[in-house]
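Inspection log for the structure reproduced underneath, given as structure tokens.
For clarity, every value in this text was computed on a predicted model and none was experimentally measured. Convention: sequence-line order gives letters A, B, ...; per-chain numbering from 1.
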Number of protein chains: 2
Amino acid sequence: MPHYQNQNPVLVAVDCIIFGYDGESLKLLLIKRAIEPIKDQWSLMGGFIGKNEDLDGAAQRILLELTGLHDVYLEQFHAYGSPDRDPVERTISIAYLALIDINKYSRQINDQYHAEWFKVKEVPQLIFDHDTMVSAAMDKIRHQAALNPILFELLPEKFTIPQLQNLYEQVYDLPIDNRNFVRKINASGMLIKHSEKDKSGSRRGAFYYSLDKAKHNAQFKSFLSLISNS
Amino acid sequence: MPHYQNQNPVLVAVDCIIFGYDGESLKLLLIKRAIEPIKDQWSLMGGFIGKNEDLDGAAQRILLELTGLHDVYLEQFHAYGSPDRDPVERTISIAYLALIDINKYSRQINDQYHAEWFKVKEVPQLIFDHDTMVSAAMDKIRHQAALNPILFELLPEKFTIPQLQNLYEQVYDLPIDNRNFVRKINASGMLIKHSEKDKSGSRRGAFYYSLDKAKHNAQFKSFLSLISNS
DNA sequence: GCAAAAGTGTTCTCTCTACACCCATGG
DNA sequence: CCATGGGTGTAGAGAGAACACTTTTGC
């Protein structure tokens with residue numbers, strides 16, 4: 001097998017910024033680093049790419065290992081490569097953003113990795129440049145969600161409008177006018193109203209909705225500006 | 001120095017998708033691959049990252065080598081890592097998008113790399129996954145230019161409105177209404193009108209404009225939707 | 001009956017879009 | 001004087017923003 005001459009190979013890792021939403025707050029799944037140095041510090045879930053694995057594949061594998069989930073919304077968003085970002089050895093990291101339904105997450109796996117959900121506003125200090133990655137991921141999610149209906153990936157099959165609105169408010173850290181929000185959501189035609197109500201959040205109860213998958217896919221492009229309340 | 005155990009290092013390269021605009025067409029700078037295998041096929045300009053170089057630094061260096069230019073608009077947009085994307089040896093590539101003023105480009109360097117400008121609509125087949133990178137770069141540039149005034153990076157210090165409009169038309173491959181275009185550009189307040197005219201394009205001549213740098217920076221965010229003529 | 005959250009319309013403003021003619025100049 | 005590209009305004013439609021009260025129901 002031929003080789004390129006005089007080049008220095010480095011390690012390539014994938015790190016996943018995993019978002020979840022519990023109906024109240026936007027959260028991030030973090031683990032305690034298992035190896036020395038800086039063992040037991042909070043960290044993103046990551047791993048090195050395998051020999052016959054592409055980048056997306058590695059991200060999927062890593063996500064599966066930590067959460068037990070397949071078919072998750074996963075998007076590569078930036079590569080980090082400062083020479084000294086990992087003090088152990090030169091490592092390039094490709095960062096992926098994942099949006100999961102927090103209810104489908106298997107808690108058992110928690111223990112193996114000492115994983116915990118943190119509110120995005122209360123994320124502890126992380127190892128290496130993971131703090132930078134997290135804020136870049138937040139920017140990315142805001143940018144993406146303003147143009148595409150991706151936040152539904154964070155919700156269960158059935159959800160209520162108040163939940164959805166609160167999710168947008170969490171992501172953008174802004175209050176949103178309820179009447180305008182409902183109008184835009186309905187105008188998009190992506191939601192199906194159910195007849196049952198979720199009674200857990202109030203006495204009156206809020207109707208359940210779910211995504212009309214066909215329309216969701218079709219309209220993925222023309223979903224501009226759910227956001228703009230100042 | 002400690003190491004991670006049982007991992008396999010790979011090569012990491014940076015590839016630059018370099019855009020230019022000659023007043024008529026949007027163009028791409030390509031080189032003939034200098035080494036075997038598939039020597040002399042058209043390729044993006046790229047290179048491996050150096051030992052003490054970060055990714056942005058490598059991209060800057062590579063761009064400098066090929067174009068002789070510093071301080072160029074350069075943006076990382078995607079990492080490519082299929083196991084067999086480079087048949088020689090496993091290589092991850094980080095793709096960067098560059099926008100340069102084609103007039104500042106030093107032609108001498110051409111010969112060393114056998115570089116040539118191609119209209120984006122007439123790009124030849126490229127090695128590896130470089131075709132994919134180019135179309136991803138086109139998507140990225142459209143997306144970015146819809147939100148931010150980045151296309152000015154492609155223009156000389158002084159330019160005319162017809163040139164600018166043509167550039168937008170090239171990028172989006174759409175005709176744009178001239179009166180609406182002028183109104184939006186003026187409303188942005190980013191342009192300074194000069195008293196001289198460019199007489200090269202017509203008998204009447206078109207006024208030169210240049211960027212008001214301060215306002216350009218300030219308004220980089222609030223520049224929405226120069227684009228939308230159907 | 002009351003506390004707490006859900007649900008519902010209208011008006012105004014502003015922005016986007018469509019559209020056609022005169023102007024300046026070099027030859 | 002005429003061919004060529006440059007430059008200019010207006011009216012109508014649609015989208016976004018601001019804004020407050022009534023409904024339901026468990027306790």
Would a 4.5 Å heavy-atom cut-off, applied to side chains only, mark Lys140(A) and His78(A) as touching? no
Of dA6(C), dG7(D), dT4(D), the nucleotide closest to the side chain of Arg203(B) is dT4(D)
Of dA5(C), dG5(D), dA18(D), the nucleotide closest to the side chain of Ser202(A) is dA5(C)
When rounded to whole Å, the CG to C1' distance for the pair Asn186(B) and dG6(D) reads 14 Å
Assign each of Lys197(B) and Lys197(A) the nucleotide of DNA chain C bearing its closest heavy atom; nearer the 5' end lies the nucleotide of Lys197(A)
- Message: Does Lys197(B) qualify as a cation-pi partner of Phe207(B), given the criterion of NZ or CZ under 6.0 Å from the six-membered ring centre and within 45 degrees of its axis?
- Response: yes
In whole angstroms, the gap separating C1' of dA24(C) from CG of Asp198(B) amounts to 15 Å
When rounded to whole Å, the CG to P distance for the pair Asn178(B) and dT10(D) reads 17 Å
Point to revise | Short side-chain to backbone donor-acceptor contact, Tyr172(B) and Arg142(B), under 3.5 Å | key: yes
From CG of Leu174(A) across to P of dA18(D) the rounded distance in Å is 12 Å
Does Asp15(A) reach the main-chain N or O of Ala95(A) with its side chain, forming a donor-acceptor pair under 3.5 Å? no
*Under 4.0 Å: is that the gap between some side-chain N or O of Lys184(B) and OP1 or OP2 of dT17(C)?*
yes
Ignoring hydrogens and angles, are the base of dA18(D) and the side chain of Asn180(A) linked by a donor-acceptor pair under 3.5 Å? yes
* To do: Check whether any side-chain heavy atom of Ile49(A) lies under 4.5 Å from a side-chain heavy atom of Ile94(A), and answer yes or no.
  => no
Ile185(A) CD1 to dG7(C) P, in whole Å, measures 13 Å
note: Asp177(A), atom CG; dG7(C), atom C1'; distance rounded to Å ~ 12 Å
From CZ of Phe181(A) across to C1' of dG7(C) the rounded distance in Å is 14 Å
Of Gly205(A) and Ile161(B), the one whose nearest nucleotide on DNA chain D sits closer to the 5' end is Ile161(B)
With the side chain defined as heavy atoms from C-beta on, Arg204(B) is closest, among dA6(C), dA24(C), dG9(C), to dA24(C)
Quick note, Arg179(B) side chain, CB onward, closest among dC27(D), dT8(D), dT23(D) is dT8(D)
Taken to the nearest whole Å, CZ/Arg183(B) to P/dA11(D) is 13 Å
Considering only heavy side-chain atoms of Pro162(A), the closest of dT4(D), dG7(C), dG7(D) is dG7(C)
Would you say dG26(D) has OP1 or OP2 under 4.0 Å from some side-chain N or O of Lys199(A)? yes
